[in-house]
Amino acid sequence: MAKTLELQFLNTEGKSVKINIDSPIEPVDTAALNTVMDTIVSANIFFSTGGDFVSKKGARIVERNVADVVLS
Amino acid sequence: MANQVILDSNLSLIYDMGMDINGKPISKRKSYNNVKTSATPDQLLQVAQAIASLQTETLTLVERSDTHQLTV
């Protein structure tokens, strides 16, 4: 099913903010992932209600499953 | 003369998803909101390419959409 890679960052208020990436390459290359997250933090192009992105928090693969339910 | 001020910026990544039955190219768009209006094209491209490096899809185009407010 549809998988997304969720990158989690901390903003200046210490709150978690995330960026989703569709159809990630699996398994995730952790070295490449670290580089990408560092790039996002250093480019500093995103803002959030709690301020700039200041540090990396974590990352996870999120999978969504959809099953239709037949109405009777 | 009227003036314009950037209110909001948006980063879009456009991916090549192959061709449809009629040979027309299919593309997929993923937008990222909350982009700083002060972000430079270099920074945007750097982040776009970093994000694309973690994906299976091929990046064909990077777009920036700005919303401007017009005033007199």
Side-chain angles (χ1 to χ4, degrees), chain A residues 1-70, chain B residues 2-71:
Chain A
M1 272 311 291
K3 282 190 185 181
T4 52
L5 175 61
E6 193 177 282
L7 309 185
Q8 300 166 318
F9 298 89
L10 291 177
N11 61 23
T12 38
E13 280 185 4
K15 294 209 173 103
S16 187
V17 277
K18 62 192 179 189
I19 287 181
N20 286 326
I21 298 182
D22 292 346
S23 49
I25 296 171
E26 285 187 284
V28 177
D29 178 345
T30 47
L33 174 66
N34 260 294
T35 316
V36 168
M37 292 183 75
D38 285 335
T39 304
I40 293 172
V41 171
S42 68
N44 194 21
I45 62 161
F46 295 111
F47 66 88
S48 67
T49 42
D52 290 356
F53 290 22
V54 288
S55 62
K56 296 179 284 183
K57 185 189 177 201
R60 58 189 180 187
I61 292 276
V62 178
E63 190 173 354
R64 181 171 162 262
N65 287 303
V66 179
D68 282 330
V69 177
V70 182
Chain B
N3 293 308
Q4 60 178 17
V5 186
I6 304 183
L7 288 182
D8 193 32
S9 264
N10 211 304
L11 178 65
S12 293
L13 307 192
I14 293 132
Y15 301 100
D16 177 14
M17 302 297 282
M19 304 270 190
D20 67 9
I21 319 167
N22 304 316
K24 275 173 66 181
I26 309 172
S27 60
K28 191 183 117 182
R29 172 184 292 262
K30 171 85 180 162
S31 297
Y32 293 91
N33 297 324
N34 289 356
V35 172
K36 288 182 184 173
T37 51
S38 58
T40 66
D42 282 339
Q43 292 170 332
L44 292 173
L45 201 57
Q46 193 189 14
V47 169
Q49 282 165 348
I51 289 173
S53 72
L54 294 176
Q55 293 176 311
T56 52
E57 292 154 6
T58 328
L59 185 66
T60 48
L61 195 66
V62 181
E63 268 183 11
R64 174 190 195 158
S65 319
D66 289 334
T67 307
H68 296 264
Q69 183 188 7
L70 302 179
T71 50

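Please read all numbers here as calculations on a predicted model, not as lab measurements. To find a chain, count down the sequence lines: A is the first, B the second, and so on, and within it residues start at 1.
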Rounded to the nearest 0.5 Å, how far apart are [atom1] of [X] and [atom2] of [Y]?
| X | Y | atom1 | atom2 | result |
| --- | --- | --- | --- | --- |
| A:I25 | B:E57 | CD1 | CD | 10.0 Å |
| B:I51 | A:L7 | CD1 | CG | 7.5 Å |
| A:I45 | B:D42 | CD1 | CG | 11.5 Å |

Non-hydrogen atoms of [X] and [Y] that approach each other most closely:
| X | Y | answer |
| --- | --- | --- |
| B:S53 | A:V36 | OG-CG2, 3.6 Å |
| A:F46 | B:V35 | CE2-CG2, 3.7 Å |
| A:I19 | B:Y32 | CG2-CE2, 3.5 Å |

Main-chain N/O of B:T56 paired with A:S23 side-chain donor or acceptor, under 3.5 Å:
no

Give, as side chain, backbone, both or neither, the part of B:L11 having an atom under 4.5 angstrom from any heavy atom of chain A.
side chain

Just wondering, are more than 12 heavy atoms of other shown residues or ligands nearer than 6.0 Å to NZ in B:K28?
yes

Just wondering, more than 12 heavy atoms not from B:N22 lying within 6.0 Å of its CG?
yes

Distance only, no hydrogens: is a donor on one side chain within 3.5 Å (strictly under) of an acceptor on the other, for A:N44 and B:K36?
yes

Highest number of heavy-atom pairs under 4.5 Å with chain B: which of A:L5, A:T39, A:D22?
A:D22

So do A:F47 and B:T37 actually touch side chain to side chain, heavy atoms under 4.5 Å?
no

